[in-house]
Engineer: 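Structure in structure tokens, see below.
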There are 2 protein chains.
Amino acid sequence: MGCMTDIRTTSALRLLQAADEFRAGLAGEFSSVHGISVNEFLMLLHLQRSPKQRLARVELAKRMHVSASTVTRMAAPMEKIGLLSRDVDERDARIVFVVLTDTGAERLADALVTFAKRAGYLLDERWQGDDVVQLAEMLRRLAPGAAGTLT
Amino acid sequence: MGCMTDIRTTSALRLLQAADEFRAGLAGEFSSVHGISVNEFLMLLHLQRSPKQRLARVELAKRMHVSASTVTRMAAPMEKIGLLSRDVDERDARIVFVVLTDTGAERLADALVTFAKRAGYLLDERWQGDDVVQLAEMLRRLAPGAAGTLT
DNA sequence: GCTATATGCTTGCATATGCAAGCGAATCGC
DNA sequence: GCGATTCGCTTGCATATGCAAGCATATAGC
């Protein structure tokens, strides 16, 4: 950009743009090949990377940056097709865990192959070893969420 | 992450997470302080940074990674409140440009202040000069779109 | 020129999502 | 213990968005 835009603003704009573009490409392939949305994929991933492959709905909502009602409504159809199941907390009857099933884990594994392929397109041959490591480290610093970290 | 996840996959996941988190924080402040959504802000920004402060709807849709119908529907209420106006192409009557008005430019300028503040939170005091420059450069390489570049 | 195709835009319908209200369960203050 | 508050979840409503169909205009083939 020409104008007098500070470099942090520029970086933040590029972050949004790069993510939007990557997500848009991913969405098409996920929907046609795996029958899930990007957010459904991320939900499966958060669960897989949690103890006991499960999370309370509120916690899942926080990590996904969506509302609790969205989690409720996303989970319902995924339970119906067997990707997720429910689990109640023994100590606190308010909590209903979202649990990743074996079927859900298989679907996730398939989707991860596609994801990795797309990540390969994003970070193509022009990105050499050190570049990628540096980028990964910088992006880690950008994603602060201590608890909700996927990587 | 522990597992055997390749570093490109990790980077792409972090990209999505960092962007989601930044966007979520931005959305709340934009909505309450400026009365616009993040996508409306990006629409104004794309227009500002285009020749004649205007773009055909299809072109705007491509740059924003949304459908043409979304552009139509986003623009309508923004025209009503005077942020945007219309302009027809002299040569091709099919094309209806979305045009940034002076009012829209003012609103955008206000929102950019908030955006810059949030970008400052994202890239806080732990990010020194060189780090930020390096990050900006890497993110530029990630956002390939030749035409649709905002920065 | 005339028809066939392609392009730009809009609209109907279905889905996705947030907010606020409501419900049941746990915790706090006493 | 008991009412008041907080917390987790769900649901009603409004908004946002994509896809496919429809319409108007432009371009291509002839």
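Because only heavy atoms are used, hydrogens play no part in the values below, and waters and symmetry mates are left out as well, while side chains stay in. In the text below, chain A, chain B and the rest are named by the order of the sequence lines, each starting its count at 1. Everything numeric here is computed off the predicted structure, so don't read it as measured data.
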Engineer: Figure out the CZ/P separation between A:Arg94 and C:dT27, and round it to whole Å.
Structural biologist: 6 Å
Engineer: Between C:dC9 and B:Thr72, is there an OP1 or OP2 to side-chain N/O distance shorter than 4.0 Å?
Structural biologist: no
Engineer: When you list every nucleotide of DNA chain D with an atom under 4.0 Å from a heavy atom of chain B, which one comes first 5' to 3', and which comes last?
Structural biologist: D:dT17 to D:dA26
Engineer: Classify the ring geometry of B:Phe115 against B:Phe41: parallel below 30°, tilted from 30° to 60°, perpendicular beyond 60°.
Structural biologist: parallel
Engineer: What is the distance, rounded to the nearest whole Å, between atom CD of B:Glu79 and atom C1' of C:dT10?
Structural biologist: 13 Å
Engineer: Round to a whole Å and report the spacing from CG of A:Asp89 to C1' of C:dG24.
Structural biologist: 15 Å
Engineer: How far apart are the C-alpha atoms of A:Glu59 and A:Arg63, what are their side-chain angles, what is the distance that settles it, and do they pass the salt bridge (charged side-chain N to carboxylate O under 4.0 Å, His left out) test?
Structural biologist: CA-CA 6 Å; A:Glu59 181 61 26; A:Arg63 299 192 185 189; 2.7 Å; yes
Engineer: Taking only side-chain N and O atoms of B:Arg91, does any of them lie within less than 4.0 angstrom of OP1 or OP2 on C:dG8?
Structural biologist: no
Engineer: Scan side-chain atoms only and decide if B:Ser67 and B:Thr70 contain a donor-acceptor pair under the 3.5 Å cut-off.
Structural biologist: yes
Engineer: Quick one: label B:Val71 by what it contacts on the DNA or RNA (base, sugar-phosphate, nothing), any heavy atom closer than 4.0 Å.
Structural biologist: nothing
Engineer: Just by modelled atom types, is the B:Thr151 backbone N or O under 3.5 Å from a matching donor or acceptor in the A:Thr10 side chain?
Structural biologist: no
Engineer: Could you tell me how far apart B:Asp92 (CG) and C:dG8 (C1') are, to the nearest whole angstrom?
Structural biologist: 8 Å
Engineer: Provide the closest heavy-atom pair for B:Ala75 versus B:Arg57 in the form atom of the first, atom of the second, distance.
Structural biologist: CB-NH1, 4.1 Å
Engineer: Side chains of B:Leu55 and B:Leu47, heavy atoms from C-beta outward: is any pair under 4.5 Å?
Structural biologist: yes
Engineer: I want to confirm an ordering. Mapping A:Ala93 and A:Ser69 to their closest nucleotides on DNA chain C, which one lands closer to the 5' end?
Structural biologist: A:Ser69
